[in-house]
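What follows is a set of notes on a single structure, which appears directly below.
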Amino acid sequence: MTVNLPPVYEPAEVEDKIYLYWLEKDYFKAGGREGKKPFTIVIPPPNVTGTLHMGHALNNTIQDVLIRWRRMQGYDTLWLPGTDHAGIATQNKVEEHLAREGLSRYDVGREKFLEKAWEWKEEYHTRILQQLYKLGVSCDWSRERFTMDEGCSRAVREVFVSLYEKGLIYRGDYLVNWCPRCHTAISDIEVEHEEKPSTLTHIRYPGVGWKGQIVVATTRPETMLGDTAVAVHPEDPRYRALVGKKVMLPLMNREIPIIADEYVDPSFGSGAVKITPAHDPNDFAMGQRHGLEVVKAIGEKGTITPEMGKYAGMDRYAARRQIVADLEEQGFLDKIDDYTHAVGHCQRCKTEIEPLVSLQWFVKMKPLAGPAINVVKEGKTRFIPERFTRAYLHWMENIRDWCISRQIWWGHRIPAWYCPCGEVIVAKEDPSECPACGGTDLQQDTDVLDTWFSSALWPFSTLGWPEQTDDLQRYFPTSALVTGYDIISFWVARMIFMSLFFMDEIPFAEVSVHGLVRDAEGRKMSKSLGNGIDPLEIIDQYGADTLRFTLITGQAPGNDQRFRPESVEASRNFSNKIWNASRYVLMNLGDFKPEGLPKTLNRHDRWILDSFNRVTRETTALLEVYELGEAARAVYEFVWGDFCDWYIELSKAYLYGEGEAEKERSRAVLYHVLEGTLRLLHPFMPFISEEIWQHLPRSNSSPHAKEALCVSRWPQFRSQELDPEAREEMELVRAVIRAIRNLRSEVGLPPGQRSPVVFRVPTSLQPLLRAEQPFIEKLAWVEEITFLSEEAEKPAQALAALLDELEVYLPLAGVIDLEQEIARLGRELKNTEKDLARATAKIANPNFIQKAPPEIVEKEKNKKEELNRKQEKISGRLAELKKMA
RNA sequence: GGGCGAAUAGCUCAGUGGGAGAGCACCUGCCUUACAAGCAGGGGGUCCGGCGUUCAAAUCGCCGUUCGCCCA
C-alpha cells in the first residue's frame, strides 16, 4: 500500500465520512451480543427549545467515552438517545415567535398553537441530531425517543392514573409559585432566589378597642391589602396582653386579629408580623394553623384584584409605590429601612414570582421519598463524586409536595375530566361519558403536566414501559447516568423515586456528576451575556476530537471548567502529534504485514511494550472510577512523552539504518504499539483514531482483524508482560542522554555541533552503555564516547554531570569557564545536601523505622544512599576544580 | 441563617497521607529526512493563614480569611 498523508491533520475531511461509515455498519446498535453483559446509558434528553451548547457537548462526550470504551470491552452497549419537549421553555419560544407577528397564543388558539409547537420541535430536533452526529456520539439511533411520543405519553398517563388511584396525586388549593409572565404555576425548584437590595417598610396598625398601635415590617407593603392577621410570639412580653385583640388594617379599614404563633421571631423588627395567607408561603401555613381568612390582593396577571378599591387593576409595583405614599399621607408609615433579601424569580423568564393561592395538582412526596432516600443511603445508587450524595439526601429529606400542573398548552395534558354533575374522572383512556351521571358533556382539564413529570420516567418509558418489552427486560436498570449537578434535584431524584415506585428497582447504579462549562473568565455562558461558544464552531475549526479532548481533559469529576482557546489549541496540537507519529510509522512500514510481535525483542522494544502495558492498566483503572480527565491525560503522556519522544526517536536508527531484520522487528513493534495506542485513544478521539486505524495494513492472521477500530477490542493489561528490567535499564540510558543534553545546553552547543563525552562508570554498567552507545550518540548529539574505569583519572577541563551510578563529562579544553562550573556544581551540591539531610533525619527517627511501612523505610534508605554517593561525587569534583582555579 | 465547593508556578488547573505536577505563558538554543501545531534545555511555588492528628500533611480534623454555588 502507498501511504501519502498530509503533514497536518484535517479533521473536516474525515469526520463526516467516518460517522456515515459507522452508521452504515450499524455499529452503535445494541443487541446481537448474546451472552454479553449489557451496559446501558439513557441520554439526558436535550430540550428541543434550541441548539446544543458546550454543556451538552461535555455531557455527551463523557457518555460517549464510557459507551465506546465498554463497547470495546465487549459489553452489549446501549446508549439510548432522545429529546425533551421542555414545556414552559419551548412554549415561551413559540410565543416569542408568534409575538413577532403581533399574535398571542390566545389569538391562534390551543390547537393551532400546538401545531406551531410541533413544527418548532421538528426543526430543532433535526438540528440537535445534526450536532450530536458532528460530535461523534455513538447512540443507538434506532431506539431514539421523545418525551411526547406515543409510548412516553402512554407511560405518563399510566403513572398519573396509578398515582391518583393510590391517593398519591391530589388536587387542591395551595399556595404556589406563580409566574405572572409565563402565566403558570411553577414548582419550588423552578424558582431562583437572588439577593437584592430592597427596603423594609414599617407600618403602624392602630389598635381597635385599645389604645396604641402595633408596628409591622414588610418588604412587600402592597400585600397589606390582603392581610388577615398580625402575629406575635406567644412568649413576647411586649405583646402578650394584646393577643386576641384587634387592630385596624390601614387603607382598607378592616379589623384583623392579633394572633400568637411560635413561628414569629421576636428579635426581628418590632417582633410583630403582618400575615398575608394568600401571598406568602409562611403566612399561608400560619393561616392554615389559625383558620385565617385568605384574601387575594394580587391576581394572576400580577395586578391588584378588583376587590381592592382604588388599587384595583394596578400593577403590583405601581401599587406598592401608591400604597406607601398613601400610608405616609395618612400617618401610618413609621419608617423605611434599607434591607437586602432574596427574591424569587422564574427560572425561565426571570420575572419575580408571585406566591398565589390556586387550584393545582400535586404529587404527595413523603411516601415516595422514603425509598429514594434508602437506596442512596444503602449505596444501591451511587453518586460520583460522593459529595453529591449529601445534597441529594438533604433535598429528599426536606421535600415538599410537588406541584405538577402547569397552565400552559405544550405538554402532556392532565388526564382528568370534569362533568357538570361534579364528578372528576381520571382515566388512561379518554372517557366518553360520566360514570356517575352518564352525562357526555365532559371537559378535560386544560392544564398540562410539569415537564419533569415525563422526564422522571425516562429510564423505563424509553425502554417500552408500561409494556414488558425485551429491551426493558435486558437493559433496565441502566448502568450509569451522566449529568450535571444542576439537575440532581429536578431530574435525578425524581427518576429514582418514580423508578422505585413503578419498577421496584433503581433506575441506574451510578450517577456520574459533572460540572458546568464556563467561559474563559469563569462566567456562566449565557445568551444575555453573549459569551456562549457554539460547539459546532469549534468542531468546524478544529474538529470534534479536539473539542472532545479539550472538554474531557479540562474536566475533573463534579467540578466546573473554563473553556479556554489555549486548551483547545493544546488538544489540536495533540491530535496533530498523533497524526504525525502515525505518518512516521506508516511511511516506514513498507510492505509490512502484521503477524503479531516478533519473537526476539530488544531492550527498546521491551521498554515501550512495558510502558504501553502500564498505560493500559492505568487508563482502564481510571475509566472504571469515572476519572475520564485523568485517563485521557495518561494516554496523552504515553503518546507524547514515551512513544513519540523516545521510542520513535530510537527507532529511526533501525529504520534509516541497514539491517533488514532490525527494520522488520522495529516495524512490527511500531505497528503493534501504534495500533494499541489508537485503541486506547479511540473513546476520547474517535475520528482521528479510526481514520488512522483504517490506513493501517491488516492481515487475516492479525489478532485484531476487525473491520473498524470502533468495534475492536480494548487493550488488555498483562501483568506477565511487565518488564522491570528493561524499564530500569532504559531509565538509566535516558538519564544519561538527558545529562549530556543538559551539559551541552549549559555551554550553548547547537544540535549540529557534535561533541565527545567521557563516561566514568563501574564495569558492571559498561555492557549496557556500550550496547546503547549508538543511540546515546544519536539522541544526545555526541560524536565519540570514551569509557573510563572508576580507577582512571577524571578529565580536568570538562563539565560534569554526576549521576549516582556514573559520571558523565563533557570535555571542553579551553572553553570551560571554571568559575561558572564551580558555581553551578555548588548549587547542585546545596540541593543534594538539603535532600540528604531530610532523608538522614527521617532514618534517624526510631518512630519512623518502627511505624512506617517497611517498603517506605526501604525506599528512604535507598534514597539516602543514592544521595550520599551523589553528594560525595559533587563535592569531590568541586575540590578538584577549586584546585585548578 | 444552613449546606457544599474552590484557594497549588505569571495564567488555567490536575494531584488526596510517604521525594511539589501538566498545559499555556516566559527565557536559551535549534527547520534535526513524522510533526515549528515541532525538538532540546531552563527559570519559576509560604501548596490561602493558624492550630491539631500522625513516624510522616498540599492531602485528614478544627478555626479563620477570600471567592463561588445550592437551599431556606
Side-chain angles (χ1 to χ4, degrees), chain A residues 5-9 188-189 191-193 265 281-282 342 344 385 387-391 393-395 398 485-486 488-489 515-516 518 520-524 542 546 550 553-588 627 629-630 632-633 636-637 640-641 644-645 648-649 651-652 655-656 670 737-738 740-753 778-781 834-835 838-839 841-853 855-857 859-860 863-864 866-867:
Chain A
L5 301 176
V8 171
Y9 174 56
D188 289 338
I189 52 180
V191 177
E192 285 175 356
H193 293 271
D265 177 3
N282 293 315
R387 67 171 188 272
F388 291 103
T389 309
R390 227 175 311 181
L393 288 175
H394 182 261
W395 187 75
N398 295 288
Y485 60 70
D486 49 335
I488 289 176
S489 49
L516 270 41
R518 297 171 172 277
E521 276 78 50
R523 297 170 304 181
K524 230 170 169 168
Y542 296 98
T546 291
T550 305
T553 50
Q555 181 251 1
N559 288 358
D560 290 354
Q561 65 172 305
R562 299 189 191 198
F563 193 85
R564 302 161 66 246
E566 299 95 303
S567 329
V568 179
E569 274 176 33
S571 302
R572 187 269 317 263
N573 293 352
F574 179 54
S575 69
N576 201 48
K577 189 76 179 173
I578 295 159
W579 183 253
N580 275 290
S582 308
R583 263 182 85 219
Y584 167 81
V585 175
L586 287 169
M587 285 187 318
N588 288 292
E627 292 273 4
E630 287 293 295
R633 266 174 287 230
Y636 178 102
E637 274 170 34
W640 206 310
C644 293
D645 286 351
I648 284 185
E649 290 306 321
S651 77
K652 286 176 182 173
L655 295 180
Y656 299 156
L670 279 167
I737 292 171
R738 282 200 210 98
I740 299 169
R741 286 172 175 172
N742 182 313
L743 293 181
R744 289 171 48 87
S745 179
E746 290 289 337
V747 288
L749 281 177
Q753 193 178 330
K778 183 163 168 35
L779 296 187
W781 303 96
K834 210 174 77 191
D835 291 347
R838 197 161 54 181
K842 248 184 172 177
I843 287 165
N845 182 350
N847 278 328
F848 174 72
I849 302 294
Q850 208 182 333
K851 294 185 179 170
E855 64 270 20
I856 297 290
V857 176
K859 212 171 135 192
E860 204 61 33
K863 188 163 83 186
K864 193 200 151 194
E866 232 174 72
L867 288 166

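When reading the values below, keep in mind they use all heavy atoms of this one structure, side chains included, and skip hydrogens, waters and symmetry mates. Here is the naming used below: chain letters follow the sequence lines, and residue numbers restart at 1 for every chain. Quick caveat: nothing in here was measured; it's all calculated off a predicted structure.
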Please work out if A:P846 contacts a base, only the sugar-phosphate, or nothing of the nucleic acid, heavy-atom cut-off 4.0 Å. nothing
Atom CZ of A:R744 and atom C1' of B:G41 are separated, to the nearest Å, by 11 Å
What integer distance in Å separates A:D560:CG from B:C69:P? 10 Å
A:N847 side chain near B:A56 phosphate (N/O to OP1/OP2, under 4.0 Å): no
With heavy atoms under 4.0 Å as the rule, sort A:L516 into base, sugar-phosphate or nothing. nothing
Comparing nearest nucleotides in RNA chain B, the 5'-proximal residue of the pair A:K859, A:G748 is A:K859
Nearest-Å distance, CD (A:E569) to C1' (B:G38)? 14 Å
Protein-nucleotide distance (A:D486, atom CG; B:G68, atom P), rounded to Å: 19 Å
Choose from B:G19, B:C55, B:G42 the nucleotide whose nearest atom is closest to any side-chain atom of A:N742. B:G42
Return yes if the base of B:A37 and the side-chain atoms of A:R572 contain a donor-acceptor N/O pair under 3.5 Å, otherwise no. yes
Measure the distance from CZ on A:F848 to P on B:A57 and round it to the nearest whole Å. 12 Å
How far does the C1' atom of B:G49 sit from the matching atom of B:C35, given to the nearest Å? 47 Å
Same-atom distance (C1') from B:A22 to B:G45, integer angstrom: 15 Å
Rounded to whole angstrom, note down the P distance from B:A20 over to B:A9. 15 Å
Rounded P spacing from B:G38 to B:C67 in Å: 39 Å
When all nucleic acid strands are considered with a 4.0 Å heavy-atom cut-off, which category describes A:E630: base, sugar-phosphate, or nothing? sugar-phosphate
Roughly how far apart are A:R564 CZ and A:R518 CZ, rounded to 0.5 Å? 15.0 Å
Close side-chain approach of A:T553 and A:Y636, heavy atoms under 4.5 Å: no
To the nearest angstrom, the CD-C1' distance between A:E637 and B:G23 comes to 11 Å
Nucleotide nearest A:P7 when distance is taken to its side chain, options B:G23, B:G15, B:C35: B:C35
If I take atom CD in residue A:Q753 and atom P in nucleotide B:U32, what distance separates them, rounded to the nearest angstrom? 15 Å
Which residue is it: A:N580, A:L670, A:L655? I am looking for the one with a side chain to side chain contact (heavy atoms under 4.5 Å, CB included) to A:V585. A:L670
Nearest 0.5 angstrom please: A:I578 CD1 to A:N573 CG, how far? 11.0 Å
Integer angstrom distance from the C1' of B:A56 to that of B:C4: 30 Å
Choosing from B:G18, B:G19, B:U12, which nucleotide comes nearest the side chain of A:R562? B:U12
C1' atoms of B:C11 and B:C30, separation to the nearest Å: 27 Å
Regarding A:A570, tell me which of base, sugar-phosphate or nothing describes its non-hydrogen contacts under 4.0 Å with the strands shown. sugar-phosphate
Donor on one side chain, acceptor on other, A:Y542 and A:S575, under 3.5 Å: no
Could you run down the sub-3.5 Å N/O contacts of the protein with nucleotides 2-5 of chain B?
unit_1, atom_1, unit_2, atom_2, d
B:C4, OP1, A:R390, NH1, 2.8

Taking OP1 and OP2 of B:G41, is either one under 4.0 Å from a side-chain nitrogen or oxygen of A:R741? yes
Kindly indicate whether the side chain of A:K652, heavy atoms from C-beta on, has any atom under 4.5 Å from the side chain of A:K778. yes
Let me confirm one number: the CZ-OH distance from A:R583 to A:Y9, rounded to the nearest 0.5 Å. 14.5 Å
Kindly point out which of B:G19, B:G15, B:G18 is positioned nearest to the side chain of A:P853? B:G18
With rounding to the closest Å, how many angstrom separate the P atoms on B:C31 and B:G44? 28 Å
Consecutive Watson-Crick or G-U pairs in runs of at least 3, all under 3.5 Å, in which RNA chain B is involved: B:1-7 with B:65-71, B:10-13 with B:21-24, B:26-30 with B:38-42, B:48-52 with B:60-64
Looking only at B:A14, B:C35, B:G18, the nucleotide nearest the A:A556 side chain is B:A14
So, A:K863 and A:E866, do they make that salt bridge, N to O below 4.0 Å? no
We want to know whether A:D560 and A:Y485 form a side-chain donor-acceptor pair, criterion being a heavy-atom distance below 3.5 angstrom. yes
From the set B:G23, B:G38, B:G19, return the single nucleotide nearest to any side-chain atom of A:N573. B:G38
Nucleotide of B:U12, B:G68, B:C55 approaching A:R518 most closely (side-chain heavy atoms): B:G68
Side chains of A:F848 and A:I856, heavy atoms from C-beta outward: is any pair under 4.5 Å? yes
Sugar-phosphate, base or nothing in reach of A:D645, heavy atoms under 4.0 Å: sugar-phosphate
Distance between the P atoms of B:G64 and B:G23, in whole angstroms? 39 Å
Value rounded to 0.5 Å, distance of CG in A:L749 from CZ in A:R741: 14.0 Å
Measure the CG-CD1 distance between A:N742 and A:I737 for me, rounded to the nearest 0.5 Å. 13.5 Å
A:K577 side chain, from C-beta outward: closest of B:G38, B:G23, B:C55: B:G38
If each of A:P750 and A:Q561 is mapped to the nucleotide of RNA chain B with the nearest heavy atom, which maps nearer the 5' terminus, i.e. the 5' end? A:Q561
Counting the atoms with a prime plus P, OP1 and OP2 as sugar-phosphate, which does A:N576 contact under 4.0 Å by heavy atoms, base, sugar-phosphate, or nothing? base
Indicate, with a heavy-atom threshold strictly under 4.0 Å, whether A:W579 touches base, sugar-phosphate, or nothing. nothing
Contact class for A:V8 vs. all strands (heavy atom < 4.0 Å): base, sugar-phosphate, or nothing? base
I want to check one thing: is the phosphate of B:G18, taken as OP1 and OP2, less than 4.0 Å away from some side-chain N or O of A:K851? no
Rounded at 0.5 Å granularity, tell me how far OG in A:S567 sits from CZ in A:R572. 12.5 Å
Between P of B:G42 and CG of A:L743, the distance in whole Å: 10 Å
